[in-house]
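Read through the structure below, which is laid out as structure tokens, and then see the notes.
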Amino acid sequence: MPELPEVETTVRGLAPVLAGRRIARVVANRSDLRRPLPPDLGQRLTGARVTGLGRRAKYGLIHTDRGDTMVFHLGMSGRWRVDPSEALTHDHLLIETDEGRRLALNDPRRFGSVDLVPTAEVEDWGPFGALGPEPLGESFGPGHLAAQFEGRIAPAKALLLDQRVVAGLGNIYVCEALHMAGIAPSRAGGRIGTKRLALLADSVRSVLLAAIEAGGSTLRDYARPDGELGYFSKQWRVYGREGQACGCGTVIRRRVESGRSTFWCPKCQR
DNA sequence: CATGTTCCCTGAGGGC
DNA sequence: TGCCCTCAGGGAACAT
């Protein structure tokens with residue numbers, strides 16, 4: 001599931017192919033993703049030079065010298081393949097550079113999206129307007145979490161998943177960060193002590209950094225057409241490990257709430 | 001406003 | 001072998 005670290009890894013993988021290059025060809029195979037592809041996507045991108053890439057929350061950003069920024073979201077199942085050796089079902093968008101490098105956006109579930117946003121307005125673009133701070137940025141830390149959690153009755157897990165509280169976390173890294181900080185997912189946000197909240201802020205950052213590092217170490221897999229991501233999965237402490245032993249020896253539990261699985265250790269997390 | 005629920009979508013995997 | 005069922009979950013929309 002592409003969360004912040006997977007998108008960051010993706011952007012880092014796209015950068016060597018796209019940065020400074022001119023987009024020579026754009027092919028939209030089907031446009032009914034989460035939102036329809038911009039009808040004029042091809043016109044606006046073809047011939048444009050990529051001036052840089054970036055990321056905001058779980059969105060990848062591709063800036064061009066035409067004043068447009070291409071904003072993509074990978075949804076649940078999206079990924080970019082680099083120089084694919086064959087066309088696959090669900091290759092919805094193809095991009096070719098002036099060097100002949102090719103990119104294919106493959107997204108079976110079509111929960112992802114591709115938008116063109118005027119670069120000057122990207123920060124205020126609808127989905128970005130209410131986003132909380134980047135967890136790896138300077139404005140995120142113990143103070144921010146304390147302010148956001150104060151007086152809240154909602155479970156810590158729900159608050160961390162709320163993109164307005166902090167941007168870019170998904171189910172996997174929320175479960176991992178809460179375990180690292182020793183906080184039960186169901187604990188009300190307002191009933192977590194200051195020191196514990198500071199530990200949570202640290203945990204969020206370190207789990208994301210570790211995942212990005214793991215993604216970087218397997219970057220070659222990212223470009224392999226048949227490769228699965230699997231970046232950080234070997235380092236999961238609780239996610240996907242129901243019934244297995246936590247590091248403390250206690251059996252890891254799973255609970256489904258409104259269709260989402262929560263994994264936690266009842267001994268380490270209170 | 002805060003919180004909780006549903007829906008969208010397709011492929012993988014388990015049970016029989 | 002094949003069919004049916006459940007599950008995966010971000011984010012928008014809707015309900016409470």
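Chain naming here is simple, since letters A, B, ... match the order of the sequence lines and numbering starts at 1 in each.
- The closest donor-acceptor contact from the side chain of A:Asp91 to the backbone of A:Asn29 lies at 3.5 Å or more, if one exists at all.
- Neither OP1 nor OP2 of C:dC7 sits under 4.0 Å from any side-chain N or O of A:Ser261.
- Of the charged side-chain nitrogens involved, at least one lies within less than 4.0 Å of a carboxylate oxygen, so that A:Arg55 and A:Glu134 count as a salt-bridged pair.
- Rounding to whole angstrom units, CG of residue A:Asn171 and C1' of C:dA8 are separated by 10 Å.
- We find that CG of A:Asp162 is positioned 11 Å from P of C:dA12, with the value rounded to whole Å.
- Out of C:dG10, C:dA12, B:dT3, the shortest distance to the side chain of A:His73 is found at C:dG10.
- The pair A:Glu96-A:Arg102 does not count as a salt bridge, with every side-chain nitrogen at least 4.0 angstrom from each carboxylate oxygen.
- Of all the heavy atoms in A:Lys157 and A:Ser261, the pair that sits closest is NZ-O, 3.3 Å.
- A:Arg34 comes within contact range of at least one nucleobase, with a heavy-atom separation under 4.0 Å.
- On a pure distance criterion of 3.5 Å, no polar donor-acceptor pair joins the side chain of A:Arg109 and the base of C:dG10.
- For the OP1/OP2 pair of B:dT10 and a distance below 4.0 Å, the side-chain nitrogens and oxygens of A:His90 include no atom meeting the criterion.
- When the C1' atom of B:dG11 is taken as reference, atom CG of A:Asn106 falls 12 Å away, rounded to whole Å.
- Within 4.0 Å (heavy atoms only), A:Gly170 reaches sugar-phosphate atoms of the nucleic acid but no base atom.
- For B:dT3, one of the phosphate oxygens OP1 or OP2 lies less than 4.0 angstrom from a side-chain nitrogen or oxygen of A:Arg152.
- Rounded to a whole Å, the CG atom of A:Leu160 is 13 Å from the P atom of B:dT3.
- Checking the phosphate oxygens (OP1, OP2) of C:dA8, a side-chain nitrogen or oxygen of A:Arg254 falls inside 4.0 Å.
- Between A:Gln163 and C:dG11, a side-chain N or O to OP1/OP2 separation shorter than 4.0 Å is present.
- Between A:Leu74 atom CG and C:dA8 atom P there is a gap of 20 Å when expressed in whole angstrom units.
- With C:dG11, C:dA8, C:dA12 as the candidates, the nucleotide lying closest to the side chain of A:Met76 is C:dA8.
- A straight line from CD1 of A:Ile172 to P of C:dG10 spans 8 Å, rounded to a whole angstrom.
- Relative to the six-membered ring of A:Trp264, A:Arg255 meets both conditions, a distance below 6.0 Å and an angle of at most 45° to the axis.
- Going from atom NZ of A:Lys157 over to atom P of C:dG10 covers 8 Å, rounded to whole Å.
- Across the protein-nucleic acid pair, A:Asp115 atom CG and C:dA12 atom C1' stand 14 Å apart, rounded to whole Å.
- For A:Arg35 against C:dG10, a side-chain-to-base donor-acceptor contact under 3.5 Å is absent.
- Using a 4.0 Å cut-off, some side-chain N or O of A:Arg110 falls inside it from OP1 or OP2 of B:dT10.
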